[in-house]
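Chain A is the first sequence line, chain B the second, and so forth, proteins listed ahead of strands; every chain is numbered from 1. Since this is a predicted model, take the numbers as computed values, not measurements. Side chains are part of it too, since the values below use all heavy atoms of this structure and drop only hydrogens, waters and symmetry mates.
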Number of protein chains: 2
Amino acid sequence: MDFLSGLELMIDSYQGKEQIFGVNLNPAIVRLSCEEGCVKVIEMARRLGVTADTVRFYTRIKILKPGKNKANGYREYSEKDYNRLRFVLSARQLGFSVEDIQEILNHADKKKSPCPTVRRLIDQRLNETEQRFAETLQLRERMQQAVVEWSQKPDKVPTGHMICHLIEEFAQ
Amino acid sequence: MDFLSGLELMIDSYQGKEQIFGVNLNPAIVRLSCEEGCVKVIEMARRLGVTADTVRFYTRIKILKPGKNKANGYREYSEKDYNRLRFVLSARQLGFSVEDIQEILNHADKKKSPCPTVRRLIDQRLNETEQRFAETLQLRERMQQAVVEWSQKPDKVPTGHMICHLIEEFAQ
DNA sequence: CTTACACCTGTGTCCAAGACACAGGCCAAG
DNA sequence: CTTGGCCTGTGTCTTGGACACAGGTGTAAG
């Protein structure tokens, strides 16, 4: 399981760290220091290659619901949080908005299939992406053309009715 | 001059309006009601095909500096404001940010050539646009591929370690 | 004259997805 | 004990306007 390999990785990095400082620590003891596979925000972030701020953000908007260490108030992320965050990141890669993801998770949390919602949402988002793509393509072409045209033109000082001739003569 | 043709247009529309209500108003009188070619926000917006909010926005951030009618506090946009706004809209079409445009206008207002700044800025913005273009292209391809793959797959109910198989099995 | 309505003002808030800041608490090493 | 790194919650910033709101103005109709 991915989370466990992440845990191993954490232990490895702890071991590596300890060896640097000349101490050998039993992995079982490391595991005990934070009972039953919990991790803190920075470790959670590292495991999935995002910043701690991203983990905090998803916690703030309640997509992640970590436990709380009564002693120090630190948040404890479980394997369930790990899976949720991994899911969130995959969904973001597919262009779903955070709100979409909340809707999808709401279905899943009620043990209902989120798939119809997912299919409906990706159609919408794909349309929007096609739109943005076309706009970005056009903008890019306009800009490229401007750079080319301007390379032939001199600089000019503004006049009463002309602020920058490059921009204003680039009529389209 | 474009502004004057806009003014004519305004007078025409006033005339049209008056005719609808069965009154004929002398254009000279209309012109006098708002001395020396000034216009109010909604008319300014209409002339350049944007919303009044857009004109108010550029006024708020001091790109436009209309005069003020002492009697009623209404803002009076001059031909200079019209030219500035037209310039701003052209520059926005070329991908310049509002901040870029402020920098460009600052140069022009000091009678210095804004062209070197314009050339420098468009290089930056074009790079960013190429970047965004590539990202949007990739996202679009991912999404299209997902839609195709998912059309062959059934809906499923979430399990303990799977929230939505469509998304989670779409590994990349 | 009043009423209705369209327009105007300045100011504040909202959008997305985090990034960054800040004040204050926790914890381990030297 | 101090230092430094990590943690907490909360607030603010980013873009380019869009929208809201409270209150003032202008004008045609009743």
[N] [atom2] sits how many Å from [X] [atom1], rounded?
| X | N | atom1 | atom2 | answer |
| --- | --- | --- | --- | --- |
| A:Arg132 | D:dT15 | CZ | P | 18 Å |
| A:Arg125 | C:dA17 | CZ | C1' | 14 Å |
| B:Glu76 | C:dC8 | CD | P | 12 Å |
| B:Glu135 | C:dA16 | CD | C1' | 15 Å |
| A:Phe57 | D:dT10 | CZ | P | 16 Å |
| B:Tyr58 | D:dT15 | OH | C1' | 10 Å |
| A:Met44 | D:dT8 | CE | P | 12 Å |
| A:Tyr77 | D:dC6 | OH | P | 16 Å |

Side chain to side chain contact (heavy atoms under 4.5 Å, CB included) against [X], all qualifying residues, sequence neighbours excluded:
| X | value |
| --- | --- |
| B:Glu135 | B:Gln131 |
| B:Phe57 | B:Ile61, B:Val98 |
| A:Ser151 | none |
| B:Asn72 | B:Asn69, B:Tyr74 |

Answer yes or no: is there an ion pair linking [X] with [Y], defined by an N-O contact shorter than 4.0 Å?
| X | Y | result |
| --- | --- | --- |
| B:Arg56 | B:Asp53 | yes |
| B:Glu128 | B:Arg125 | yes |
| B:Lys40 | B:Glu43 | no |

Hydrophobic cluster (4.5 angstrom, side-chain heavy atoms) - remaining members for A:Met162:
none

Connected hydrophobic set around B:Leu137, excluding itself, where side chains approach under 4.5 Å:
A:Phe133, A:Leu137, B:Phe133

Which of residues 96-106 of chain B have a heavy atom under 4.0 Å from DNA chain D?
B:Ser97, B:Val98, B:Glu99

Tell me the bend of the helix from C:dC1-D:dG30 to C:dG30-D:dC1 as the angle between end helix axes, each from five pairs, rounded to the nearest 10 degrees.
30°

Contact under 4.0 Å: [X] side-chain N or O vs [N] OP1/OP2:
| X | N | value |
| --- | --- | --- |
| B:Thr54 | D:dG16 | no |
| B:Asn72 | D:dG26 | yes |
| A:Thr51 | C:dG18 | no |
| B:Arg56 | C:dG10 | no |

For residues 57-72 of chain A, pull every pair meeting salt bridge (charged side-chain N to carboxylate O under 4.0 Å, His left out), keeping only residues two or more places apart or in separate chains.
none

Which residues pass the salt bridge (charged side-chain N to carboxylate O under 4.0 Å, His left out) test with B:Asp123, not counting sequence neighbours?
none

Would you indicate what B:Asp53 reaches in the nucleic acid, counting non-hydrogen atoms under 4.0 angstrom: base, sugar-phosphate, or nothing?
base

First encountered from the 5' end of DNA chain D, between B:Leu89 and A:Tyr74:
A:Tyr74

When you match A:Val88 and B:Arg75 each to their closest nucleotide on DNA chain C, which lands nearer the 5' end?
B:Arg75

Show me the side-chain donor-acceptor pairs of residues 111-118 of chain B shorter than 3.5 Å, one per line, residues at least two apart or across chains.
residue  : atom : partner  : partner atom : Å
B:Ser113 : OG   : A:Lys156 : O            : 2.7
B:Ser113 : OG   : B:Cys115 : N            : 3.2
B:Thr117 : OG1  : B:His107 : NE2          : 3.3

Ordered by number, residues from residues 60-69 of chain A within less than 4.0 Å of DNA chain C (heavy atoms) are A:Arg60

